[in-house]
Amino acid sequence: MESGNLAWILISAALVLFMIPGLAFFYGGMDRGRNVLNMLMMNFYCALIVPILWVLVGYSLSQVPFENDFLGNFDAFMLKNITEAGDGSTLATVAFLGMFAAITPALISGAVADRMKFSAWAIFVPFWLFLAYVPIFKWVYGGWLGQRGSIDFAGGTAIHVNAGIAALAAVLVLGKRKTGAAPPHSMPLVMIGTGILWFGWFGFNAGSALAANGQAAQAFMNTFLAAAAAGLAWVLVEWLRDGHPTNLGAASGIVAGLVAITPAAGYVSGASPIFIGLIAGVVCCYAVKLKNKAGYDDALDVVGVHFVGGLVGSLLIGFFADPDFFKGSFEKGLFFGGDAGLLLEQALANGVAIVWSFVVTLILMLVLKNTIGVRVSDETEFNGLDLAEHGETAYHS
Amino acid sequence: MESGNLAWILISAALVLFMIPGLAFFYGGMDRGRNVLNMLMMNFYCALIVPILWVLVGYSLSQVPFENDFLGNFDAFMLKNITEAGDGSTLATVAFLGMFAAITPALISGAVADRMKFSAWAIFVPFWLFLAYVPIFKWVYGGWLGQRGSIDFAGGTAIHVNAGIAALAAVLVLGKRKTGAAPPHSMPLVMIGTGILWFGWFGFNAGSALAANGQAAQAFMNTFLAAAAAGLAWVLVEWLRDGHPTNLGAASGIVAGLVAITPAAGYVSGASPIFIGLIAGVVCCYAVKLKNKAGYDDALDVVGVHFVGGLVGSLLIGFFADPDFFKGSFEKGLFFGGDAGLLLEQALANGVAIVWSFVVTLILMLVLKNTIGVRVSDETEFNGLDLAEHGETAYHS
Amino acid sequence: MESGNLAWILISAALVLFMIPGLAFFYGGMDRGRNVLNMLMMNFYCALIVPILWVLVGYSLSQVPFENDFLGNFDAFMLKNITEAGDGSTLATVAFLGMFAAITPALISGAVADRMKFSAWAIFVPFWLFLAYVPIFKWVYGGWLGQRGSIDFAGGTAIHVNAGIAALAAVLVLGKRKTGAAPPHSMPLVMIGTGILWFGWFGFNAGSALAANGQAAQAFMNTFLAAAAAGLAWVLVEWLRDGHPTNLGAASGIVAGLVAITPAAGYVSGASPIFIGLIAGVVCCYAVKLKNKAGYDDALDVVGVHFVGGLVGSLLIGFFADPDFFKGSFEKGLFFGGDAGLLLEQALANGVAIVWSFVVTLILMLVLKNTIGVRVSDETEFNGLDLAEHGETAYHS
Amino acid sequence: MKLITAIVKPFKVDDVKDALRSAGIAGVTASEVRGFGRQGGHTETYRGSEYAIDFVPKVKLEVLASDSDVQRIVDLITGAAQTGKIGDGKIWVTSVDSVVRIRTGETGEAAI
Amino acid sequence: MKLITAIVKPFKVDDVKDALRSAGIAGVTASEVRGFGRQGGHTETYRGSEYAIDFVPKVKLEVLASDSDVQRIVDLITGAAQTGKIGDGKIWVTSVDSVVRIRTGETGEAAI
Amino acid sequence: MKLITAIVKPFKVDDVKDALRSAGIAGVTASEVRGFGRQGGHTETYRGSEYAIDFVPKVKLEVLASDSDVQRIVDLITGAAQTGKIGDGKIWVTSVDSVVRIRTGETGEAAI
Ligand SMILES: Nc1ncnc2c1ncn2[C@@H]1O[C@H](COP(=O)(O)OP(=O)(O)O)[C@@H](O)[C@H]1O
Ligand SMILES: Nc1ncnc2c1ncn2[C@@H]1O[C@H](COP(=O)(O)OP(=O)(O)O)[C@@H](O)[C@H]1O
Ligand SMILES: Nc1ncnc2c1ncn2[C@@H]1O[C@H](COP(=O)(O)OP(=O)(O)O)[C@@H](O)[C@H]1O
């Protein structure tokens, strides 16, 4: 592998790792001051446990051999047979993918905020990794869904739709917060997280080309434009509807745009990312209000931003995919001379991911609920999880 | 393009994007706790609106065709004719330059802090982009100023002098704050911004070589040394003059050094960046006090740091430019065997940029003042802009 | 040099620079709210003074000519004879190494927190750089210790053991804080620092391959795994021992793992980084409590994390070194078919570094104590160093 | 006129405020305080070292009232702030000599 | 001796302090409080959801004074803190039994 | 019953609390305040511009006590909070009409 490609994968992997604290601050700033450490810990915990599981068997089960349809095997247990100090390309790729595996369950933490027992979360994460993440990842990348023709550049279906729908299942089991919603305890912390997320997402998306090439450059440009467009759209909707353009709106829009462009980043070109961003920004801005009507308590809008944003982006591939530009072997989108074939495959792949992820998450949460329990005591909920669950307080003078 | 060069441009572009939140925190920490969100929003807004405008027509007007003297055309409207997934070098460059376009108006926000209507800012930014940034950028890079012989590696004239003098024009129209100056509400936030800015500036300067080559390495080294030298100089002046070395002094000096080395980074070598940094640190440390005597209210010292720092660095090129080292085609500086020719060209280019930017910004602000108005109400100024302009409060418990 | 390799060194150097603010926030968040700016300033100061000293004579003394045994010379004074804009590889390496030189004394600041005069620190840093860092660096890399066979990939001995034992010497001279220990004033700030540190450490370790190659990829993977394993280990020990898994535990474990893998990153493979991380996490988690028994006041546990972590990692090389994998010319570790030779060399190198660094730091601190004094007044200690030493206050409303 | 001062648990503030509002009480001034009493504090552990935090967060509410309203207000607060667990807090009443409304300069009961 | 307590708008604190200082008043103790009264609170909107913030930021000033100074101080504060808009705040006066200056142990008016 | 209010230096709070606890005093309410008095404030300098900070951080302690305990508590606080340097703070005592313990509804001395 050319040194430039390896350098690009390595720095991209580092950027994705950096997104985990970024996500923690994005969520933690939105949370109450007495629960922020619990939120940070739920995220950092994913960065501690998942890498180990990933190199032990996660990578192997989700990738090896690449051609099989449903699940990998144990051939690359503890990176066995990946002994290539001379080149490093596979090692770099395994590390890069390990970052994705670590951040995906972390996404769910925003939904269960303010009330989930940390011990239950500590068990939830590894089980969810193997029950939901590894199989869906396999099916989408090289497995039966991918082979049918659906595409997912950097993880719209495999990551955002997957984690987003799991968030819904999790909060349905968990129940509503007794303490209700509260305004963000530190908007600057939210914006620090947002800045890190956007920065890191260039690695997430453009790094997924696994080389520093034209597709990476286009994915980079798309990541830039879709985030801007979605942030702009969200802010404008707010301005017209609520009377104020807000920072949280800008931040939410940016993230929604990044989510939506994730599956499409390496497959669309020209003005398409702007349209995808604008659509995702508007749709997610309304989608986060669904929970009030539907009655589930998705604390920090994982469903409204990640599930909806990921689904919107993944389906829009069916319209905007442009294989001519990329000289790629995927099908054309409806707006680029294709028929509905790709759109249907996208719908199918997401449908399968939704059903599978929802069901296994529901079962996992129900098992946890009926064994060790999933909720903190009411007293802990009112007094804050930081002290009761972690023996720490976020701020002292 | 070699993959290593493309990787370098892409990561540099991501670094420059990251500077926008960095700048937001640098400014936001210095601001009052009740205006910090307005400050963040002014910065993030630039990252939302400018990318779209840039790919629509900004890039085309400022670059295409490269040889013309005054202004580009619409040939690359919405990146038309930039269809090169195979290589990616132009796309990456357009994205890289788009980051510069986004951060330049954001620089101005520090001056107008605490009193400018957000709606006025929202209109100011796109107009300023096309009236001031695009033409000056064109003239300096490839246009009539550049063709005469002036040089500007990463945007001393085109970015810092330009935005810095625009900041002066803007506050002259805007008037003084009724609430006066206040100490920074969160110095840690200022330092978070400073850290991100320094980190990102390696992409800004060394990335401007548009390749991972010797010039990039030298620009990198210069960015490292000038920031350190200027930070050191500022802190020492403070220590001797005011009795204390301060964090804000270190942060301000670092930024002043980064600004001053920006135009020179790819043209100077050896100990030159240290001298440029030391000079910029001392000069800017005194320049920020000018406003008290001159009577304009440049809230967070955009004039004193960016205008003065950028001008100092740009003129010092006339002394320190070292084409032999770079085997470059630019003229020699006075200290390296040249005559005053380069210095005069630098002075001319900056003079033109100053006059143009000042005048168009003044007109733009006067038009805004006499139409939608540029200032918030006194009550909003006293109670804080965050709540009135954005319906948000930075911190809750 | 291939552009991909240069790009990798440059971005790695930027990442290491970014670690300095990261370290500042990690320490500053742990400190009291009235001393946080002093802590930040101690760290940022290193980033201002060291780069200048490094290019003046530091690099030359520690490297030129590469073959000598004890100390370099002045041949590369102010980068003389490093005139290679065409390629840039040496310049990039000098910058990269300059970042290491800057962060090493900064590590010590955590120990002397809350009571050291800033003027004493300002003098301590440059002297310590030349008395402790430069010679040990020389001996380990290319000098007599390295020639004997000890290895240190990215600075376990030369950086962490060195700074860690110096911290011990410094606090022995300095004495205990009158104000005692206090809980962290801002855990989110600690976690921001932790996130930046982990992110930057990929540059620190994987960049030390000085190329984007297989060794870099392995060092990257090792950095990922060891940090995760150590963070996990620390949190689990806490959970079992103290009843709560804490954020500070996760952060401390991550840093301990990063420290421990630093010397080994380019020499170990497979599951070895996980074992190194687990061991470092457990050992350091207990080591930070030593100070209570031994009676020295290492405020933020520089000894327990950096000295102990660095030593553990450096000695474990004697067990885990795997030259076959890397096709390297170093000796085999005990677990990979070697004899105790490498372990003994590691012990010797660290022993020499410990004695030298401890003694010169002790002398330096004693001289400072008996000349300008090293401690602030009791009143300053009680009222906080930020105001008295820097004329600033961290937070205003 | 009297000043009624109540120390209550933070998460009870909204309940008390709503109870007062429903009963037509026009104003309250609240502040963050830390209390030390029968309700113990707690311990926090950082890197294995324990820190005893003796003070627990409370909110202090102050209500100016005419003499005739005092008992009613005290009862309202007691009712709304009670959880029955240790640490519910105290209410005390002191006499006020005079009151002024800054905006109008009104004094006495009219200023409340 | 009396204790004068004033609730004022935050941006008026400096004016009040300066007025007291010019009039030779030696000391004040200030604290951040949140007030609920005729002046409504406000609404904040996050992701389209509204949060009613009923309490508005105020500052509480406490001044110990000898009986003869009370009226003068009340007038000074009223003058300096008045904007004429709702929410300017209240002043109330209570009687103090005794005062001690910790540094010296002085008591009574000498301790103020 | 009386309410004892003390303004003390922040780093003396723990000493005072410990002194009260050893003497069997059951409860205290503390809050962060800022004081303005003989002890001057300080100046901070940012980018060469000076900002006068007139108020210095203090802590306010409030202790409800039965009449017979008052002198003892005042002495305890004075003893524990004294450094002898300007700015040590004040203690003042006011009369309390009635006290209620919210948890139980107990009143009077039993509620303290
Ligand atoms: N003697 C006292 N003086 C002032 N405040 C007190 C006193 N005793 C208790 N408090 C306040 O009341 C709060 C609750 O008191 P505590 O003794 O813990 O429980 P309870 O309210 O059930 O009696 C304390 O946290 C403190 O703020
Ligand atoms: N009855 C009351 N008891 C205690 N504080 C009060 C009372 N009424 C008002 N306040 C305080 O005075 C502030 C101003 O009162 P408000 O009714 O809003 O306007 P105004 O001062 O113009 O009458 C309130 O925010 C609150 O802090
Ligand atoms: N007249 C006063 N009314 C209310 N508080 C006061 C008064 N005078 C002083 N204080 C409070 O007491 C603190 C200490 O007072 P100061 O005059 O500085 O020193 P000392 O306590 O030595 O007399 C002040 O910071 C302020 O909080």
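Reminder, nothing fancy here: chain letters follow the sequence lines and each chain counts from 1. Computation of the quantities below employed the complete heavy-atom set of this structure, encompassing side-chain atoms and omitting hydrogens, waters and symmetry-equivalent molecules.
- Side-chain atoms of C:Leu48 and B:Ile254, non-hydrogen and from C-beta on, do get closer than 4.5 Å to each other.
- Contact annotation for C:Leu53: neither backbone nor side-chain heavy atoms come within less than 4.5 Å of a heavy atom of chain B.
- Expressed to the nearest 0.5 Å, how far CG of C:Leu17 lies from CH2 of B:Trp198 amounts to 5.0 Å.
- If you tally non-hydrogen atom pairs under 4.5 Å between each of C:Ile20, C:Asn5, C:Ile9, C:Leu15 and chain B, the highest count goes to C:Leu15.
- Between chain B and the options C:Met78, C:Glu389, C:Met1, C:His390, the largest number of non-hydrogen pairs under 4.5 Å is found for C:His390.
- B:Ile192 is listed as a side-chain neighbour of C:Phe25, based on a closest heavy-atom distance under 4.5 Å.
- Summarising the geometry of B:Asn247 relative to C:Met41, their closest heavy-atom pair is OD1-N, 3.4 Å, with the distance given to 0.1 Å.
- Among all heavy-atom pairs drawn from C:Ser3 and B:Gly4, the shortest one is OG-CA, 3.2 Å.
- The two residues C:Leu10 and B:Phe220 make their nearest non-hydrogen contact at O-CE1, 3.2 Å.
- Atom CG in B:Leu225 sits 12.5 Å away from atom CH2 in C:Trp54 (nearest 0.5 Å).
- By number of non-hydrogen pairs under 4.5 angstrom with chain C, the leading residue of B:Ala7, B:Ala229, B:Gly33, B:Pro184 is B:Pro184.
- Looking at B:Thr194, the atoms closer than 4.5 Å to chain C (heavy atoms on both sides) all sit in the side chain, from C-beta outward.
- Across all their heavy atoms, B:Leu248 and C:Glu392 have their closest contact at N-OE2, 2.9 Å.
- Across C:Asp386, C:Val55, C:Val36, the residue that shares the most heavy-atom pairs under 4.5 angstrom with chain B is C:Val55.
- Taking the six-membered ring where the residue is Trp, the centroids of C:Phe118 and B:Trp239 are separated by under 6.0 Å.
- In B:Phe275, the CZ atom is not crowded: 12 or fewer heavy atoms of neighbouring residues, nucleotides or ligands sit closer than 6.0 Å.
- Most heavy-atom pairs under 4.5 Å with chain B, from the set C:Gly391, C:Ala14, C:Ala95: that is C:Ala14.
- For chain C, the option among B:Ala394, B:Ser269, B:Pro188 with the highest count of heavy-atom pairs below 4.5 Å is B:Pro188.
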C:Leu40 and B:Met187: CA distance, side-chain angles, deciding distance, side chain to side chain contact (heavy atoms under 4.5 Å, CB included) verdict: CA-CA 10 Å; C:Leu40 299 189; B:Met187 276 303 302; 5.9 Å; no

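- Interface remark: of the candidates B:Ala182, B:Gly29, B:Ser186, B:Ser186 forms the most heavy-atom pairs closer than 4.5 Å to chain C.
- When heavy atoms are compared at a cutoff of 4.5 Å, C:Val94 approaches chain B by way of both its backbone and its side chain.
- Across C:Pro21, C:Ala24, C:Ala47, the residue that shares the most heavy-atom pairs under 4.5 angstrom with chain B is C:Ala47.
- Using a 4.5 Å cut-off between heavy atoms, B:Ile274 contacts chain C through its side chain alone, with no backbone atom that close.
- Contact annotation for B:Ile11: only side-chain heavy atoms (C-beta onward) come within less than 4.5 Å of a heavy atom of chain C.
- With rounding to the nearest 0.5 angstrom, the CG atom of C:Leu79 is 8.0 Å from the CD atom of B:Gln218.
- Residue contact with chain B, scored on non-hydrogen atoms closer than 4.5 Å, is absent for C:Ala212.
- Note on B:Pro245, B:Ala271, B:Pro273: by heavy-atom pairs under 4.5 Å with chain C, the leading option is B:Pro245.
- Side-chain contact between C:Phe44 and B:Val235: absent, with no pair of heavy atoms (C-beta onward) separated by less than 4.5 Å.
- Within 6.0 Å of the CZ atom in C:Phe127, the count of heavy atoms belonging to other residues, nucleotides or ligands does not exceed 12.
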